[in-house]
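A short worksheet on the structure shown next.
Throughout, residue positions are numbered sequentially from 1 according to the sequence presented. These values consider heavy atoms only, across backbone and side chains, with no hydrogens, waters or symmetry-generated copies.
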Amino acid sequence: MAGRKGIVAIVGLMTAALLARPALADEAKGRWIRAESPHFTVYGDVTSTALKEYVVKLERYDGLLRYLHGMPLDGEAVRKLPIYLVVSRSGFDTVIPGLSDGVGGFYVPSPNDVFAVAWRQKESDHVIQHEYVHHFMLRYFPYGYPAWLTEGYAEYFGSAVIDENKIQVGRNAMRGENLRNGPWVSMEKVLSKRPFELSGTEPSMFYAQAWLLTHYFMSDPKRYEQLQAYMKAVGGGADPIKAMTEITGMAPGKLQVELRGYMMGALKFTDYTVSNLPTPEIKLSPMPPAADDLLLVSQGLRRAGLFGADEEVDEDAPGATAKRIAEYKQQMKDWGLALLTQARRGAERYPDAPIARLTLARAELTYGDRETGLKLADAYAAAHPDDPEGFELAGLGRMAIGDRDPARREALYKEAGLKLGQAFKLDPERFQTLYGYALSRRLDPKYPSDNVLNVLDEAHMLAPQVPEITLTEAEALIARGQNDKAAVLLKPVANSPHGGKAAKQAKALLQKIGGEAPTSETGSKESGQ
């Protein structure tokens, strides 16, 4: 089963006017519609017209990023990004509970799926565009960028305004308002810290100043050369403050004065025509009624993973008091039980619907009776021999049970490898299957074999945004003495602006192998704008 060689950000306000649900005459069709385009798969609880318009804008935005980064405009996506458009707050809560009222969308890079959820309510597509820049850069240009540039770059391009015939880049009214009316964060903090390490109004100002600093460097060819030199230096382990001073000739205080003067001038906005972008082919397909009840439940379960019931909490995260940790664990428990209840009800209501049967199997494995869940997964795979997800879930379920039952672990892992092998034969480009198969070989005395390294490399190529996959491949490379390759993989994770356990683990691995690690400490995995 050799494979071919080869960013959670919680985010702010977003998108256009509230849209009505589609009125479909055919009772066999549900509210949700699926749109397939060259680079996206968008599921919308909106009208077909609104969904198509939204996907056309996404494709234009992808085309702009490809053009500006010297890529073929008609280049194929290695893996299309799924996006779920919701029209109510409850849609968010089904996938991630407890988000603040200001949240208008979020992006989930997990071992079970990489997807985004957006609320079609606000006046701007800034949120989903911001997150797509992260997705795009990790996909095609992974590197150990400094935190301010990772977020500033996403703010710079994420605030693009897409009209019928043009795309304007460089304008960001919200961040401009922040800069004019709020107290600035010191440039030392902007250059060396990450948003989650700041407090009060500082995170918002961090994003605003990161946007302005990126704008400053992007607006002038000579300054852009300095930015490239800076990226190379920091990515190689240089101190971010010293590197900025040495390359620009300005200490942080002087740089802040320079930026204030730059902001007071006429900021450059660039208009790009879209007439040369290829017209995307978009296929719309109505989804069955069961999707109305279960589509977002399924995504919530995928986000949790089969170990979601025992989700670990980063007790070193900022503000992680004993009370807040206990409240969070209870919230996650309640949320998981709610998903399980919805999955069971959906299976009763739609007993023959594939999405209902598969979602129930996943829910039982995650938050219910695992043995029942495994039987349901096996039954689904037998009834749907052409669907790789059934075999994949049956394999992952065996490992989840084996990790809690040492006496059966070896046997279950062997069975899991066979099930995942069947899934691979049906679809060799599912990163979930590849990653699961590699994990199923962990009990092998010769782990990681050449084959496992190839499989992990392929999984990482398909989903470089998933930190768990990156860390697993890096650990496998280190075990084989390939520290240099491991360091290349680890630096983008270690430098993640949102920190979290993955960043902390990446930093520790870099230190272990003698690679450079960022100086700031890591913390909460999910951070807001």
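- Relative to the six-membered ring of Phe269, Arg171 meets both conditions, a distance below 6.0 Å and an angle of at most 45° to the axis.
- A distance of 5.0 Å separates CG in Leu294 from OG1 in Thr359, rounded to the nearest 0.5 Å.
- In this structure, CG in Leu81 is found 8.0 Å from CD in Gln465, a value given to the nearest 0.5 Å.
- Side-chain contact check for Val86 versus Asp45: every heavy-atom pair is 4.5 Å or farther apart.
- Contact check for Pro388 versus Glu392: no side-chain heavy atoms found under the 4.5 Å cut-off.
- For the 3.5 Å distance criterion, the side chains of Arg302 and Ser298 qualify, holding a donor opposite an acceptor.
- Ring geometry for Tyr107 against His135 counts as perpendicular: the plane angle is over 60°, on a 0 to 90° scale with 30° as the lower cut.
- The salt bridge (Lys or Arg N to Asp or Glu O under 4.0 Å) search around Asp271 returns Lys166, not counting sequence neighbours.
- Residues Leu339 and Tyr367 come closest through the heavy atom pair CD1-CE1, 4.5 Å.
- Side-chain contact between Leu393 and Leu358: present, with at least one pair of heavy atoms (C-beta onward) separated by less than 4.5 Å.
- Proximity of Pro111 to Glu468: side-chain heavy atoms (C-beta onward) are separated by under 4.5 Å at one or more points.
- The aromatic rings of Phe136 and Tyr132 lie tilted to each other, with the angle between the two planes from 30° to 60°.
- Contacts classified as salt bridge (charged side-chain N to carboxylate O under 4.0 Å, His left out) and involving residues 47-57 (residues at least two apart or in different chains) are given here: Lys57-Asp125.
- In summary, Glu364 and Lys375 do not engage in a salt bridge, as defined by a charged side-chain N under 4.0 Å from a carboxylate O.
- Judged as a ring-ring contact (aromatic ring centres under 6.0 Å, His included), the pairs with a partner in residues 70-101 (not counting sequence neighbours) are, in order, Tyr43-Tyr84, Tyr84-Phe115, Phe92-Phe106, Phe92-Trp119.
- Ser90 and Ser88 are linked by a side-chain donor-acceptor pair at a separation below 3.5 angstrom, with hydrogens and angles left out of the test.
- Using a 4.5 Å heavy-atom threshold, the side chains of Gln422 and Lys419 count as touching.
- Met205 contributes atom CE, which lies 11.5 Å from atom CG of Leu198 (distance to the nearest 0.5 angstrom).
- Between the side chain of Tyr61 and the backbone N or O of Gln129 there is at least one donor-acceptor pair closer than 3.5 Å.
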Worked check of salt bridge (Lys or Arg N to Asp or Glu O under 4.0 Å) between Arg345 and Asp293: CA-CA 9 Å; Arg345 289 175 179 172; Asp293 296 342; over 6 Å; no
His130/Glu151 under side chain to side chain donor-acceptor pair (under 3.5 Å): CA gap, chis, key distance, verdict: CA-CA 8 Å; His130 174 109; Glu151 294 300 343; 3.0 Å; yes
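- With salt bridges taken as basic N to acidic carboxylate O contacts below 4.0 Å, one links Arg175 and Glu155.
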